[in-house]
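Each ligand, and each atom within it, is numbered from 1 in the order the structure gives. Every heavy atom of this structure was used, including side-chain atoms; hydrogens, water molecules and symmetry mates were not. The model shown is predicted, which means the values in this text are computed figures rather than measured ones.
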Amino acid sequence: MKIAILSRNANLYSTRRLIEAATERGHEVRVIDTLRAYMNIASHKPSIHYKGEELEGFDAVIPRIGASITFYGTAVLRQFEMMGVFPLNESVAISRSRDKLRSLQLLARKGVGLPVTGFAHSPDDIPDLISMVGGAPLVIKLLEGTQGIGVVLCETEKAAESVLEAFMGLKANIMVQEYIREAGGADIRCLVVGDKVIAAMKRQAKPGEFRSNLHRGGSASLIKITPEERMTAVRAAKVMGLSVAGVDILRSNHGPVVMEVNSSPGLEGIESTTGKDVAGLIIDYIEKNARPNQTRTKGKG
Ligand code: ADP
Ligand code: MG
């Protein structure tokens, strides 16, 4: 097969591993710098151009689109879809997953376990918003945040009110969430490929920190997940419409709750922690599923 990887940098661990795994299996791989692809959308024959050349003949495309380039990246991916190229994850599913609030609403609709979460626009509604999610302690999150930045734990209602007022004053989009204290600063990253969790790791926040992000000094270790957690992760990915996803789960005393679903999960932490060939399993998935013109949406919607 001829496989395109949409990635800004061929030297990133995840990109390198995908190139390796695909090449090992005899596929032809080409890394396309997402921001250098440009498109002709005006004709009946949609095309993608790259550094002066027209891109043709791809069987599959692996999107590795960073959060900061979601808008342009999903447009390039959509163009591949319009050309009938099989996307590992579809552009609409990636767009959905990048909006935390929209994601939680979709998951809630299908009954996936979530932390109690509230959302409001007006500062007048702050007291009621806080009581709606069960009062302090609570977590306030910027909707567009990543890597733990913009996630704040407020131990008291007074602190929560001030932080909410400040964020609202800055016109930031935020949500308020019950604090899952019993998770003990740990979460579980489940790597879903197709309808299976193929690898899982526990991430533990460093002492004195509640955010388990590796970028915030968290440490990763192996974990055995329960059948309920496995099912929750697979359902979450499916609801989002993602074939490959990193589903982050907290162990709450009301069962597993999904915190977020990541559409371009990093491979380095999960491969080094679990010893699993995640990149290889992703390429295997593409081999089994890639057919021309089989995109669910073909870039629509
Ligand atoms: P980001 O997209 O920035 O990673 P997350 O929603 O994943 O934001 O939050 C970052 C970290 O903060 C999580 O990995 C988790 O450890 C912790 N956290 C987030 N929400 C909660 C919550 N409701 N209860 C307890 N811990 C939380
Ligand atoms: Mg996170």
One finds that the ligand 1 atoms under 4.0 Å from a non-hydrogen atom of D187 are 14 (O)
Discussion item. Are the side chains of L143 and I174 in contact, using a 4.5 Å heavy-atom criterion?
Written reply: no
Test side chain to side chain contact (heavy atoms under 4.5 Å, CB included), reference V197, set T232, V247, V192, L191, output is V192
The protein N, O or S atoms lying under 2.8 Å from the Mg ion (ligand 2) are E260 OE2
Check: Any donor and acceptor pair, going by atom type alone, linking the side chain of T70 with main-chain N or O of R98 inside 3.5 Å?
Finding: no
Atom 17 (C) of ligand 1 has as its nearest protein heavy atom F210 O, 3.8 Å
Logged contact type for L250 with ligand 1, heavy-atom cut-off 4.0 Å, is side chain
- Message: For G280, is there any backbone N or O sitting under 3.5 Å from a side-chain donor or acceptor partner on D277?
- Response: yes
message: Any heavy atom of V151 closer to ligand 1 than 4.0 angstrom?
response: yes
Looking only at protein heavy atoms, what sits closest to atom 7 (O) of ligand 1 is E260 OE2, 2.8 Å
Check: of M259, E209, R211, K141, min heavy-atom distance to atom 6 (O) of ligand 1 comes from K141
(request) Take Q204 and S219 through the test side-chain hydrogen bond (donor to acceptor under 3.5 Å, both in side chains) and record every step on the way to the result. (result) CA-CA 5 Å; Q204 179 69 53; S219 55; over 6 Å; no
Is there a nitrogen or oxygen of R203 sitting under 3.5 Å from a nitrogen or oxygen of ligand 1? no
Contacts of Y13 meeting side chain to side chain donor-acceptor pair (under 3.5 Å) (sequence neighbours excluded), chain-then-number -> E271
Note: heavy atom closest to atom 1 (P) of ligand 1, options Q177, K100, R189, belongs to K100
Indicate yes or no: at least one non-hydrogen side-chain atom of E287 is less than 4.5 angstrom from one of R25.
yes
Counting from 1 in the order shown, the ligand 1 atoms closer than 4.0 Å to a non-hydrogen atom of Y179 are 24 (N), 25 (C)
Numbered in order shown, the ligand 1 atoms found under 4.0 Å of a heavy atom of G148 are 1 (P), 3 (O), 4 (O)
If you measure every N/O of I180 against every N/O of ligand 1, is any gap under 3.5 Å?
-> yes
message: Whether R17 and E20 form a salt bridge (side-chain N of Lys/Arg under 4.0 Å from carboxylate O of Asp/Glu) is what I want to check.
response: yes
heavy-atom search around atom 23 (N) of ligand 1 in the protein gives E178 O, 2.9 Å
Residues passing the ring-ring contact (aromatic ring centres under 6.0 Å, His included) test with H121, sequence neighbours excluded, are none
Sequence neighbours excluded, the answer for ring-ring contact (aromatic ring centres under 6.0 Å, His included) partners of Y38 is H49
Heavy-atom closest pair (L281 atom, V193 atom, distance to 0.1 Å) is O-CG1, 4.1 Å
Atom 4 (O) of ligand 1 sits nearest the protein heavy atom N213 ND2, 2.8 Å
- Other residues, nucleotides, ligands: >12 heavy atoms within 6.0 Å of K202 NZ: no
